[in-house]
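Worksheet: one structure, shown below.
For the numbers below, each heavy atom of this structure counts, side chains included, while hydrogens, waters and symmetry mates do not.
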Amino acid sequence: MFSLSALLPLSGAIIRHAEHFVDPALSFAQGWNSIYSSMVSLPAELVAAAVIVQFWSTINSAVWITVFGLLLVAANLLFIRVYGEMEFTFASLKIMLIIGLNLMALVIVCGGGPDGHTYGFQYWHKPGPFVEYLGYQGSLGHFMGFWTTFSNAVYAYS
């Protein structure tokens, strides 16, 4: 029999939904996976930011990791209004960056690059969309080339 309690909104994130709709054990596992994900991704993001800034500066990476870490802690300790404004500003910058990158790619493809070469669809015919991979000929080589590109695209998208 269908229950109306399944349609009620739940407070909390996906962890609460897992407890309500599946099992408390799944909720427990998701909670620990979320903590592990945060413990791995936060230091990785700080190191990535330090590496990017090191392109322009010769200061030690540890200094930049500390600065960005303190900025992150300060942003999370501020009032929710300030945090919300920061999120809105960064999201707007991200959208403008995506639009700008697409426009720049269009200009370069149409011949607006430094060398003036028009790329267009020249690579659609030579070598073509499905290129042999690692010297394997035929369908296997085409599939391997597609799979290599596909797995990289899935990783980047995720």
Side-chain angles (χ1 to χ4, degrees), residues 6 10 12-73 75-76 83 86-158:
L10 296 174
I14 191 72
I15 298 167
R16 177 75 171 105
H17 289 92
E19 177 186 2
H20 183 76
F21 291 112
V22 181
D23 191 65
L26 179 63
S27 176
F28 177 81
Q30 271 188 315
W32 279 105
N33 281 337
S34 177
I35 290 171
Y36 175 72
S37 172
S38 297
M39 291 176 68
V40 169
S41 65
L42 181 65
E45 295 293 332
L46 289 174
V47 169
V51 168
I52 289 172
V53 170
Q54 222 176 12
F55 178 78
W56 294 284
S57 173
T58 58
I59 299 174
N60 192 348
S61 294
V63 173
W64 292 115
I65 291 172
T66 305
V67 167
F68 289 134
L70 291 175
L71 284 173
L72 186 68
V73 169
N76 283 295
Y83 182 77
M86 288 173 51
E87 284 289 322
F88 174 77
T89 303
F90 290 139
S92 300
L93 288 172
K94 188 188 305 184
I95 291 170
M96 288 189 296
L97 174 70
I98 291 170
I99 292 170
L101 286 174
N102 283 327
L103 288 174
M104 184 183 71
L106 183 65
V107 167
I108 289 173
V109 164
C110 293
D115 59 355
H117 179 70
T118 304
Y119 293 97
F121 289 99
Q122 76 181 25
Y123 294 115
W124 187 255
H125 300 290
K126 289 184 181 179
F130 296 103
V131 179
E132 286 88 10
Y133 187 68
L134 294 178
Y136 287 95
Q137 301 295 319
S139 297
L140 178 62
H142 291 158
F143 176 74
M144 289 173 60
F146 168 76
W147 189 253
T148 301
T149 305
F150 184 74
S151 61
N152 290 338
V154 167
Y155 172 75
Y157 183 76
S158 68

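Ring geometry for His117 versus Tyr119: interplanar angle over 60°, hence perpendicular rather than tilted (30 to 60°).
For the atom pair CD1 of Ile98 and CD1 of Ile95, the computed distance is 7.0 Å after rounding to the nearest 0.5 Å. The structure places CD1 of Ile108 at 11.5 Å from CG of Leu103, a figure rounded to the nearest 0.5 Å. Atom CZ in Phe143 sits 9.5 Å away from atom CZ in Phe150 (nearest 0.5 Å). Between Thr149 atom OG1 and Tyr133 atom OH the span is 8.5 Å, to the nearest 0.5 Å. Residue Trp147 holds its CH2 atom at 11.5 Å from CG of Asn152, rounded to the nearest 0.5 Å. Remark: Asn76 CG to Tyr83 OH distance equals 5.5 Å, nearest 0.5 Å.
Taking the side chain as every heavy atom from C-beta outward, Leu72 and Leu42 approach each other to under 4.5 Å. Contact check for Leu71 versus Phe68: side-chain heavy atoms found under the 4.5 Å cut-off. Counting heavy atoms from C-beta on, the side chains of Trp64 and Ser57 come closer than 4.5 Å.
At distances below 3.5 Å, at least one donor-acceptor pair connects side-chain atoms of Ser27 with backbone N or O atoms of Ile15. Between the Ser151 side chain and the Thr148 main chain, a donor and an acceptor come within less than 3.5 Å of each other.
Closest non-hydrogen pair, Cys110 versus Thr118, comes out as O-OG1, 3.7 Å. Between Val47 and Ile65 the shortest heavy-atom distance is CG2-CD1, 3.8 Å. Minimum interatomic distance between Pro43 and Val40 (heavy atoms only, all atoms of both residues): CD-O, 3.5 Å.
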Show me, pair by pair, the donor-acceptor contacts under 3.5 angstrom made by side chains of residues 28-35, not counting sequence neighbours?
residue : atom : partner : partner atom : Å
Asn33   : ND2  : Ala29   : O            : 3.4

Requested in this report: Please lay out, stage by stage, how Gln54 and Ser61 fare under the test side-chain contact (heavy atoms from CB on, under 4.5 Å).
Outcome: CA-CA 7 Å; Gln54 222 176 12; Ser61 294; 3.1 Å; yes

